[in-house]
Amino acid sequence: MPDTPAISIIVPVYNAAEWLGRCVDSIIAQTFSDWELLLVDDGSRDSSGEICDRYAAADTRIRAIHQPNGGASRARNTGIDAARGTYVCFVDSDDWLETEYLADLIDYQSVTPPHCDLVISGYSIVRDGRARSLAVGSRRFDGADGIAAIFSLPEYHHLTGTPFGKLFSRSIITGRHLHFHEGIHLGEDTMFVLEYMLHCDSIQYSAGALYNYDIHPGSLSARPCSLESAWLELNTSEAIAAQIRRRYGLGVAHPYLTFQCKVHYGRLLDAITREPRRRVRLDSLRRLDIAHMRLVNTPYTAWQRLSLSLLYGGHTLMYDLITRLRQRIR
């Protein structure tokens with residue numbers, strides 16, 4: 001394998017023995033072969049680590065890296081630090097690729113002079129064996145004005161926020177010291193992509209949908225977070241949104257950026273409602289009101305207004321009762 005392969009493929013692995021073989025086999029079967037594969041075993045408790053080692057022993061392009069469990073962000077960061085390729089792409093261990101996936105990304109990178117800073121492809125959502133393709137036509141966006149348009153085109157939003165389905169320039173990642181936020185457990189992948197886009201002068205969309213995103217019961221879990229983590233999520237999301245507004249001249253109330261912040265606002269509200277210490281809860285609610293002032297055009301829902309009213313008044317038992325009733329109704 002050359003010292004500098006064209007593409008470093010980073011796969012974070014945690015308890016993925018059921019799907020990992022399918023994922024790696026689909027990478028080995030790629031028609032484009034100038035790649036290295038970094039399998040980052042994040043302290044798996046099943047046989048995933050052994051599977052990584054077997055693949056690494058059989059193919060010199062594959063490296064197995066083992067580390068204590070630290071989450072997907074830390075595993076991806078470990079892969080970034082170990083990568084040697086000109087470009088970087090991320091694949092989830094329970095997903096798989098069509099054989100032309102890497103060739104498609106490289107073709108869009110190389111046939112549109114000058115080379116672009118980011119290639120974004122479509123993907124197929126696979127649920128219960130049925131696939132639904134999400135893709136847009138081939139289109140290139142250049143300069144700040146061009147890239148700003150992406151945020152105002154809803155059909156492009158679903159392709160923007162995931163690390164998979166993309167070909168990143170490793171020189172931008174390392175030169176700008178970009179990493180996934182390890183203290184954040186929801187939306188950290190979108191934050192990475194948005195921070196990367198801040199340093200792009202050109203973005204190319206591919207018409208292909210050759211990445212298969214597998215949705216199964218274990219793939220959609222988002223664990224509750226602590227108050228500290230929830231505040232970090234909201235503050236980081238708002239800081240990135242502010243940078244994007246300045247970089248691309250977007251309005252304060254831009255719908256896409258406001259929505260991203262509102263997701264983390266909801267997570268923070270949930271963390272506050274689960275906080276057992278009344279004084280801490282009230283202090284957080286006061287801070288939350290200030291934070292909410294910054295989320296333009298995101299009014300409280302009826303449930304959020306009731307939650308705040310009950311919790312401000314210290315009616316925790318009533319809040320818990322209504323919460324349980326809502327869960328049963330759902």
Side-chain angles (χ1 to χ4, degrees), residues 7 9-33 35 37-42 44-55 58-59 62 64 71-73 75-76 79 89-108 119-138 154-167 185-190 192-193 205-223 263 327 329-330:
I7 304 175
I9 307 165
I10 298 172
V11 179
V13 178
Y14 180 70
N15 292 350
E18 182 177 352
W19 309 283
L20 184 56
R22 178 183 65 180
C23 173
V24 178
D25 288 342
S26 75
I27 294 172
I28 293 173
Q30 292 296 298
T31 58
F32 181 84
S33 60
W35 49 260
L37 171 58
L38 304 173
L39 298 172
V40 185
D41 172 31
D42 190 45
S44 296
R45 297 180 180 180
D46 63 3
S47 60
S48 295
E50 291 82 359
I51 295 173
C52 293
D53 289 336
R54 287 202 298 271
Y55 276 105
D59 193 324
I62 301 175
S73 288
R76 289 185 179 119
C89 72
F90 299 95
V91 178
D92 288 348
S93 59
D94 51 356
D95 298 338
W96 74 98
L97 313 176
E98 301 298 329
T99 57
E100 296 291 331
Y101 174 72
L102 294 180
D104 182 68
L105 292 177
I106 284 292
D107 283 347
Y108 275 98
V119 178
I120 300 178
S121 78
Y123 57 91
S124 292
I125 297 177
V126 182
R127 189 196 299 265
D128 298 327
R130 291 177 293 182
R132 180 168 64 94
S133 177
L134 298 177
V136 295
S138 173
E155 63 269 29
Y156 289 85
H157 293 172
H158 59 270
L159 301 181
T160 302
T162 61
F164 63 75
K166 294 175 179 62
L167 190 68
H185 306 295
L186 179 73
E188 74 284 354
D189 44 5
T190 299
F192 176 84
V193 175
Y205 280 81
S206 158
L210 303 176
Y211 185 103
N212 294 292
Y213 171 47
D214 191 12
I215 295 180
H216 51 82
S219 65
L220 294 178
S221 58
R223 60 184 176 181
V263 169
Q327 290 172 344
I329 293 172
R330 288 176 180 174

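Basis for what follows: all heavy atoms, side chains included, without hydrogens, waters or symmetry-related copies.
Annotation: the span from D214 atom CG to D92 atom CG amounts to 10.5 Å, rounded to 0.5 Å. To the nearest 0.5 Å, atom CG of residue N15 and atom OG of residue S47 are 9.0 Å apart. Between atom OH of residue Y101 and atom CD1 of residue I106 there is a gap of 11.0 Å, rounded to the nearest 0.5 Å. Distance check: T99 OG1 to I27 CD1 gives 13.0 Å after rounding to the nearest 0.5 Å. Atoms CZ and CD1, on R130 and I125 in that order, are 13.0 Å from each other to the nearest 0.5 Å. A distance of 6.5 Å separates OG1 in T160 from NZ in K166, rounded to the nearest 0.5 Å.
Side-chain N/O atoms of D25 and Y55 include a donor and acceptor closer than 3.5 Å.
Qualifying side-chain hydrogen bond (donor to acceptor under 3.5 Å, both in side chains) partners for E100, counting only residues two or more places apart in sequence or in other chains: T31. Shown here are the side-chain hydrogen bond (donor to acceptor under 3.5 Å, both in side chains) partners of T190, two or more places apart in sequence or in another chain: there are none.
Between the S206 side chain and the S121 main chain, no donor and acceptor come within less than 3.5 Å of each other. Looking at Y14, its side chain never comes within 3.5 Å of a backbone N or O of V40 through a donor-acceptor pair.
At a threshold of 4.5 Å between non-hydrogen side-chain atoms, the residues V24 and I62 count as touching. Between D104 and E98, every side-chain heavy-atom pair lies at or beyond the 4.5 Å cut-off.
Of the candidates L38, L20, I51, L20 is the only one forming a side chain to side chain contact (heavy atoms under 4.5 Å, CB included) with V13. Each of Y123, Y213, F90 was evaluated against D95; a single residue qualifies, Y213, per the side chain to side chain contact (heavy atoms under 4.5 Å, CB included) test.
Residues D189 and P163 share a closest heavy-atom pair of CB-CD, 3.2 Å. For the residue pair L159 and I120, the shortest heavy atom distance occurs at O-CG2, 3.6 Å. Between A16 and S93, the shortest heavy-atom distance links the atoms CB-OG, 3.3 Å. When every heavy atom of S73 is checked against every heavy atom of E188, the shortest pair comes out as OG-CG, 3.0 Å. The heavy-atom pair separating S133 from A209 by the smallest distance is OG-CB, 3.3 Å. Of all non-hydrogen atoms in Q30 and L102, the two that sit nearest each other are OE1-N, 3.0 Å.
Under the 30°/60° scheme for interplanar angles, the aromatic rings of F164 and Y211 are found to lie parallel. A parallel orientation is assigned to the rings of H216 and W19, their planes being inclined by less than 30° (bins at 30° and 60°).
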For a side chain to side chain contact (heavy atoms under 4.5 Å, CB included) check, start with the C-alpha distance between W96 and V126, then their side-chain angles and the critical distance, and finish with the verdict.
CA-CA 10 Å; W96 74 98; V126 182; 3.8 Å; yes
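The pair D42-R76 does not meet the salt-bridge criterion, since no charged nitrogen lies less than 4.0 angstrom from a carboxylate oxygen.
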